[in-house]
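Protein chains get the first letters and strands the later ones, always in sequence-line order, with residue 1 at the start of each. The structure displayed is predicted, hence computed values, not measured ones.
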There are 2 protein chains.
Amino acid sequence: MSPPAVPDATLRASLGQVLFRAARLYNEAALRRVQAGAAPDLRFAHTQLFPHLTTSGTRSSALAKRLGVSKQAVGPLLDDLVAWALVERVVDPTDRRASIVRLTPRGGEAIVHGLVVLGEIEADLRRELGHGELDRLHATLLQLTELLARGDDRSG
Amino acid sequence: MSPPAVPDATLRASLGQVLFRAARLYNEAALRRVQAGAAPDLRFAHTQLFPHLTTSGTRSSALAKRLGVSKQAVGPLLDDLVAWALVERVVDPTDRRASIVRLTPRGGEAIVHGLVVLGEIEADLRRELGHGELDRLHATLLQLTELLARGDDRSG
DNA sequence: ACCAGTTCGTCAAGGAGCTTGACTTTGTCC
DNA sequence: GGACAAAGTCAAGCTCCTTGACGAACTGGT
């Protein structure tokens, strides 16, 4: 039993820590740029929704399921997006309980703008790290998420 | 003006999204393993603190600064760690306003245990992705955090 | 046609994890 | 000794999530 061997630097620079820090900084950078532009009230929680919005429409419960959160969590966020005229709620013609959340033309433009912002950040990093390095990072992270998600299923 | 060009897949698999998802899954995997062991009440916020704790002692305000949060945020977290006997608060002999937060022997063991858990996860990934790939991922992420942190300073 | 069970979305309450502001105590500098 | 800064706590509030309960509406069996 010799516990005092506490390797500070090891833990601080562990893959998990670095991964978390990178993700946080990346998101903050993206959000800062978008907030500086046309969407000052956009919060991080809203951005999580964007990849799943379509012009053809989605149910809010489906959005909740894809995000892995409760239905109650997405409600207020969608309210915000409706208030900003980025999406609209229309009654589902096949189910009167449900409403379908659909991107407005303005919402479509917002998504494109978001992609431009993300593209700018990625371009900055690409310039500094090099193309090969960034593409490899992207590919490795994709593999990693698949492996970790698989582990989730096993133990959940 | 042709907004309907909304590339779903592009946004969903963007570097930012993948990075965020990987970080979340990684942290969840680590926390799940630790909670299954000897620390069922450990929350994610606590783990953020560990890399900065030492046996020689640190001020809570210094911990707050390193984590990038307010002093008020770390207080209750340290209270928990004290309650679990992982750290102890001792009065700073050079400044009676301040208390110094110091790892107990048990806290040192907890850190070592945490490193073992992180090492296991990393070993699993290393087995699946290969040594070169994982080392390169680690190195690239380190570069990336440095670049993004630098950008923070500029605009903050 | 009816009733049971499920699902859609919302209201209400609460917890976690942060924030800012105000404050006491103590240290530092002139 | 007196102005100012810093350490840490208390209080209030915000964001983002949770579970529980609910009315309305759909589905399937009888």
Side-chain angles (χ1 to χ4, degrees), chain A residues 20-21 23-25 27-28 31-32 34-35 39-50 52-53 57-84 87-102 156, chain B residues 20-21 23-25 27-28 31-32 34-35 39-50 52-53 57-84 87-102 156:
Chain A
F20 182 76
R21 184 166 161 74
R24 207 172 61 112
L25 289 171
N27 282 318
E28 281 171 3
L31 196 56
R32 209 182 312 123
V34 171
Q35 283 172 339
D41 293 340
L42 193 79
R43 297 190 308 266
F44 178 67
H46 298 119
T47 68
Q48 295 283 88
L49 227 31
F50 276 81
H52 304 288
L53 298 174
T58 321
R59 289 196 186 165
S60 72
S61 54
L63 290 173
K65 198 166 290 181
R66 286 200 216 164
L67 261 64
V69 301
S70 61
K71 292 184 294 180
Q72 294 92 320
V74 294
L77 296 175
L78 289 174
D79 289 344
D80 288 339
L81 297 186
V82 169
W84 301 332
V87 304
E88 56 188 354
R89 290 186 213 256
V90 297
V91 175
D92 186 337
T94 73
D95 188 340
R96 275 186 298 166
R97 291 169 304 178
S99 64
I100 290 200
V101 174
R102 211 163 55 178
Chain B
F20 182 76
R21 183 167 162 72
R24 208 172 59 112
L25 288 171
N27 282 317
E28 281 171 3
L31 198 55
R32 208 181 314 122
V34 172
Q35 283 172 339
D41 293 339
L42 194 78
R43 297 190 307 268
F44 177 68
H46 298 119
T47 69
Q48 295 283 91
L49 226 31
F50 277 81
H52 305 287
L53 297 174
T58 321
R59 290 196 185 165
S60 73
S61 55
L63 291 172
K65 198 166 290 179
R66 286 200 215 162
L67 261 64
V69 302
S70 61
K71 292 183 294 179
Q72 294 91 322
V74 294
L77 296 175
L78 289 173
D79 289 345
D80 289 338
L81 297 186
V82 169
W84 301 331
V87 304
E88 56 187 355
R89 293 186 211 254
V90 298
V91 176
D92 186 336
T94 72
D95 188 341
R96 275 187 299 167
R97 293 169 302 178
S99 64
I100 289 200
V101 174
R102 212 164 55 177

side-chain hydrogen bond (donor to acceptor under 3.5 Å, both in side chains) partners of B:E88, counting only residues at least two apart
B:R102

Does anything in residues 74-83 of chain B come within less than 4.0 Å of DNA chain C? Heavy atoms only, and list the residues if so.
B:L77

Mind checking what makes salt bridge (Lys or Arg N to Asp or Glu O under 4.0 Å) contact with B:R21, not counting sequence neighbours?
none

Considering every strand and a 4.0 Å limit on heavy-atom distances, what is the contact class for B:S61: base, sugar-phosphate, or nothing?
sugar-phosphate

Between atom CG of A:N27 and atom CZ of A:F44, what is the distance when rounded to the nearest 0.5 Å?
4.0 Å

Go nucleotide by nucleotide along DNA chain C from the 5' end; which of A:D95 and B:T94 gets its closest nucleotide reached first?
A:D95

Could you list the residues that satisfy side chain to side chain contact (heavy atoms under 4.5 Å, CB included) with A:R96, not counting sequence neighbours?
none

Got a sec, which residues hit side-chain hydrogen bond (donor to acceptor under 3.5 Å, both in side chains) with B:R97, two or more places apart in sequence or on another chain?
B:D95

Contact class for B:S70 vs. all strands (heavy atom < 4.0 Å): base, sugar-phosphate, or nothing?
base

How would you list, by chain and number, every residue that makes a side chain to side chain contact (heavy atoms under 4.5 Å, CB included) with A:S99, sequence neighbours excluded?
A:R89

Evaluate A:T47 against B:F20 for side chain to side chain contact (heavy atoms under 4.5 Å, CB included), listing each step before the verdict.
CA-CA 12 Å; A:T47 68; B:F20 182 76; over 6 Å; no

Pairing residues for B:D92 by the side-chain hydrogen bond (donor to acceptor under 3.5 Å, both in side chains) criterion, not counting sequence neighbours
B:R59, B:T94

Hits for side chain to side chain contact (heavy atoms under 4.5 Å, CB included) against A:A73, two or more places apart or cross-chain, chain-then-number order -> A:V69, A:S70

Sequence neighbours excluded, which residues qualify as side chain to side chain contact (heavy atoms under 4.5 Å, CB included) partners of A:R43?
A:H46, A:L77, A:D80

Walk along DNA chain C from 5' to 3' and tell me the first and last nucleotide with an atom closer than 4.0 Å to a non-hydrogen atom of chain A.
C:dT7 to C:dC11

Nucleotide range of DNA chain D contacted by chain A, 5' to 3', under 4.0 Å to a heavy atom?
D:dT15 to D:dC26

